[in-house]
There are 2 protein chains.
Amino acid sequence: MTAIGTAPDTAASGRRRGPSMADVAREAHVSGQTVSRVSNGRHNVDADTRERVLAAMRKLGYRPNSAARALRTGRFHSIGVIMFTLSSFGNMRTLDAIAIASADAGYSITLIPVPHPTQGEISGAFDRLSEEAVDGVIIIIEAHLLDESDIELPPDLPVVVVDSTGSDRYTVVDTDQALGARLATEHLLALGHRTVWHIAGPERSYSASRRRESWQQTLAAHGAEAPPVLVGDWSAESGHEIGRALAADPEVTAIFAANDQMALGVLRAMHEAGRAVPDEVSVVGFDDMEEAASFWPPLTTVRQFFGEVGRLSVEALLHEVESSERRENRLVTTELVERASTGRPPS
Amino acid sequence: MTAIGTAPDTAASGRRRGPSMADVAREAHVSGQTVSRVSNGRHNVDADTRERVLAAMRKLGYRPNSAARALRTGRFHSIGVIMFTLSSFGNMRTLDAIAIASADAGYSITLIPVPHPTQGEISGAFDRLSEEAVDGVIIIIEAHLLDESDIELPPDLPVVVVDSTGSDRYTVVDTDQALGARLATEHLLALGHRTVWHIAGPERSYSASRRRESWQQTLAAHGAEAPPVLVGDWSAESGHEIGRALAADPEVTAIFAANDQMALGVLRAMHEAGRAVPDEVSVVGFDDMEEAASFWPPLTTVRQFFGEVGRLSVEALLHEVESSERRENRLVTTELVERASTGRPPS
DNA sequence: GCTCAGCATGTTGACGTGAACATGCCCGAT
DNA sequence: ATCGGGCATGTTCACGTCAACATGCTGAGC
C-alpha cells in the first residue's frame, strides 16, 4: 500500500525532537486541542477519550514542550533567585525553603549566581536576568550593594527582596534583626556584664548594620558604655582574629558576634588564650546554624527562621505574579537560644 | 499628521507583553531578521545598521523572548540540578560551583528539589523534570536511593551523576573517597595508633559506603584489627551521641569521622568527658568545611574539591549537550589537611 | 416534533524567533 | 561594458502550544 519510507512517523523520527501534540493527536485519533485539554487536566473531556489520549501519550513518550507553552501563555512557571555564590549558611537555608515552596506551587527555580560581589557583577546578573525565562525574581543580596548598583529591572517583573532595606519599589521579606540583636545584648547585660562587645559583619551588609545598630541602641538604653565596633567578614577566621585581640583584654567579659561562624572563631581564640567560656567570657552568636549546638561550649545564639523567610518570599512573589498586586512587607521574628556559652561575669 | 490613537505602538501598549523583534524592526526601519542577527551577535551586519538596531532596542526596552527562542532552536540554555534539599555542606558547595561554571558557559541553573529522600519523591522529581525546560541534568543524590528508584529519564537527555556508582548509562563525576579515607586512616596509624575507629555516614549514602570500605581495607592492609562500624547520619548531633560512647572507652585513641560535622560532635563529646584532644584521642574528619580550621582543636580532615567537582560536571554535561557524545568519567582527588586534632597516642 | 441548552470535540490562528532561501547592490575581473 | 562573487538585508515559514471560536450531537422541556 504505502510506498517504502512514506510513513510520516518514520520520516519524522530522524529529528531530535520528541513527539508533539500533533503526534499524540494522530495516534489517539483526536484533535490536537483535545490533547492539549488532557495535558492541562481540563474536565471537559470524555473519560474514554481522555484514556485514549493518555495511552497515546505513554506510548509515544510525549512530554509537553514548555517553551511552546511559555510562548503561548506568556508564563514560564519559574522563579529567578539572584544570590551570591559561596553564600552564607543562612542564604542556603533560605534558598532551600524557596525551592521547596516553589515546587509545591508548581514553579521551578532558576538560579542566577553573582560570583563576585562587585557592582559590575551585580549589574551583569540583572542583565542576564532580563533574558531569563522567569515570572518573577527573589533577590538575596546585601542590600547596600544593591542600592549602589544602578540596576534596571525589566518593568512589570515582580520582585521580592530578602533581608534588605524597606524600599517602596519592591516587596520586602525581612528578618527582625533588631529584635535578635537586642535579645542577645539584653541577655548578656541581664547576666550582670557591664557591657557587651560586638563583632559586626561587613559594612556593606544590611543585616550586619541592623544588628550593630540594635546592639548600640540596647547598650544605650541600659546605660552601658559602648565599646568600639569590631568588624569581621562573617568568616570564622575573621572572628578568630578579632577574638585574639579581645582575649588579651581582661576587661572583656561578654561578646556578641554577628553570626555563628565568627562566634566559633572567638571560641577558638578564647581556648587558645586559656580564657574559660563561659566562666571568664560569655559568647553569643547569631543564626543558630545546625552545628552551633555542638560547638564547645554549645553556643548561645539568636535563632533565625530561614525556612519561614523562604516560604513567605515565594508566597509574596507568586501572589504578585498571579494577581499583579503587591503583598505587604513581612517581618520574620527571631528568638534567643540559650546554651552553655553564656553565664555570669567573673566576680 | 497622524490621527489621534492611530500610532501602532500606542495601540499595542495595552497588552502586557514587552516589545518584540517586530517592534524593534519597525523602529529601526529594518527587517526582523536583521534584529535577530544583531540580537545574536552575528557579524554580517553593517556597523551603522547594528547601531541603529541597538538604539531601537534600548529605546523600546527590548528583551529577547527566551521561550520563543527555545521553541525555535530546541535549546533552553539551562541545566537542571536534582538534589536533596537541606543537603549537606558539600552539596551546597558543589551546587555553587555548578552555578558559576554554568553561568560562565551561558547556561542558567534550574533547581529541582527533592524534599524527602523517599523513592516516591525522587520519582516525582524526575517526572517534573521531564517537563522542565532543560538541556541536560546533573544529579546529586545518594546513589543507593537512585538505584532503587525505577526512574525513567527522558531519552536523549544528557545526564551527569555526581558522587555515584559507576553506571554505564551516565557520565559520572566522582570524588576519590577511597583515597581520602585511606589517607585519614594511614595518617592515624602512622602516628602510632593501634587501630582507628570509624563513624560512618548513613547506609544509603554511596560516599559513606566508599569511605567505610576504604577505611576497612586500609586497616586490614596494615594488619590492624577493625573495630565495629558505628553509623551516624552526617549530623553533629549523631557524632556527639556516638562520640559519648567512644569517650567512655579508654581503648579508643583514634577516630575517623566520615564528615566534619560528625567530627565536631565527637570533639564536643570528648570535651564533655574530659578526654583531651589530641593528647588522649585523635580525631579526623572529612570534607574540610570552612569552619573546620576553627574547631577546637582545629580539625585534621580530608579536603574535597567541591569546586572542581562542580566544574567538571558542567563541562561534561555541556560537552554531551553540544556534541552528543559522552565524556569519560572523572575522578576528583582528595588530600589530607593536618591540623591540631591529631597526634601520637598516649604512651 | 421542535427548540435550544449544554457539552464534547474540532478548526484556525498567533505567540516571537531564527533557519533557509531570496534579493539586490557594489566592485573587481575580464 | 559585462559578468559574477560576495555581502548586507529582506521574505517566508515552522517550531508546539492554547485561546477563541465553530461545529455537531444529545436530551430535556414544551
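Note that this is a predicted model, so its numbers are computed, not measured. Naming convention: chains lettered A, B, ... in sequence-line order (proteins, then strands); numbering from 1 in each chain. These values consider heavy atoms only, across backbone and side chains, with no hydrogens, waters or symmetry-generated copies.
The residue among B:A47 and B:L71 whose nearest nucleotide of DNA chain D is located toward the 5' end is B:A47.
Defining each end axis of the helix from C:dG1-D:dC30 to C:dT30-D:dA1 as the rotation carrying four pairs' C1' atoms onto the next four, with five pairs an end, the two axes are found to diverge by 50° to 10 degrees.
The CZ atom of A:R75 sits 18 Å away from the P atom of C:dC15 (whole-angstrom rounding). Rounded to an integer number of Å, the gap from B:R26 CZ to D:dT11 P is 13 Å. Atom CG in B:N44 sits about 12 Å away from atom P in D:dG10, given to the nearest Å. Rounded to whole Å, the distance from CG on A:D23 to C1' on D:dT17 is 13 Å. The separation between B:R50 atom CZ and D:dC7 atom P is 15 Å, rounded to whole Å. Here D:dC7 presents its P atom at 18 Å from CG of B:D48, a figure rounded to the nearest Å.
Listed here is the closest heavy atom pair of A:A56 and A:E27: CB-CG, 3.5 Å. The two residues A:S313 and A:I138 come nearest to each other via the heavy atoms CB-CD1, 3.9 Å. The shortest non-hydrogen separation linking B:S164 to B:V172 is O-CG1, 3.9 Å. Closest of all the heavy-atom pairs between A:F76 and B:S66 is CE2-OG, 4.0 Å.
A salt bridge links B:R58 to B:E51: one of the charged nitrogens lies within less than 4.0 Å of a carboxylate oxygen. Here B:R93 does not pair with B:D96 in a salt bridge; the nearest charged N to carboxylate O distance is not below 4.0 Å.
The side chain of B:T34 contributes an N or O atom lying less than 4.0 Å from OP1 or OP2 of D:dG10.
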Seminar exercise, completed: Once base and sugar-phosphate atoms are separated, protein heavy atoms under 4.0 Å mark nucleotides 17-24 of chain C, 5' to 3', with B, S and - as BBBB----
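Environment of CZ in A:R330: sparse, with no more than 12 heavy atoms of neighbouring residues, nucleotides or ligands closer than 6.0 Å.
Distance alone, capped at 3.5 Å, is enough to place a donor-acceptor pair between the B:S78 side chain and the B:S108 backbone.
Between B:T171 and B:N329 the shortest side-chain heavy-atom distance falls below 4.5 Å.
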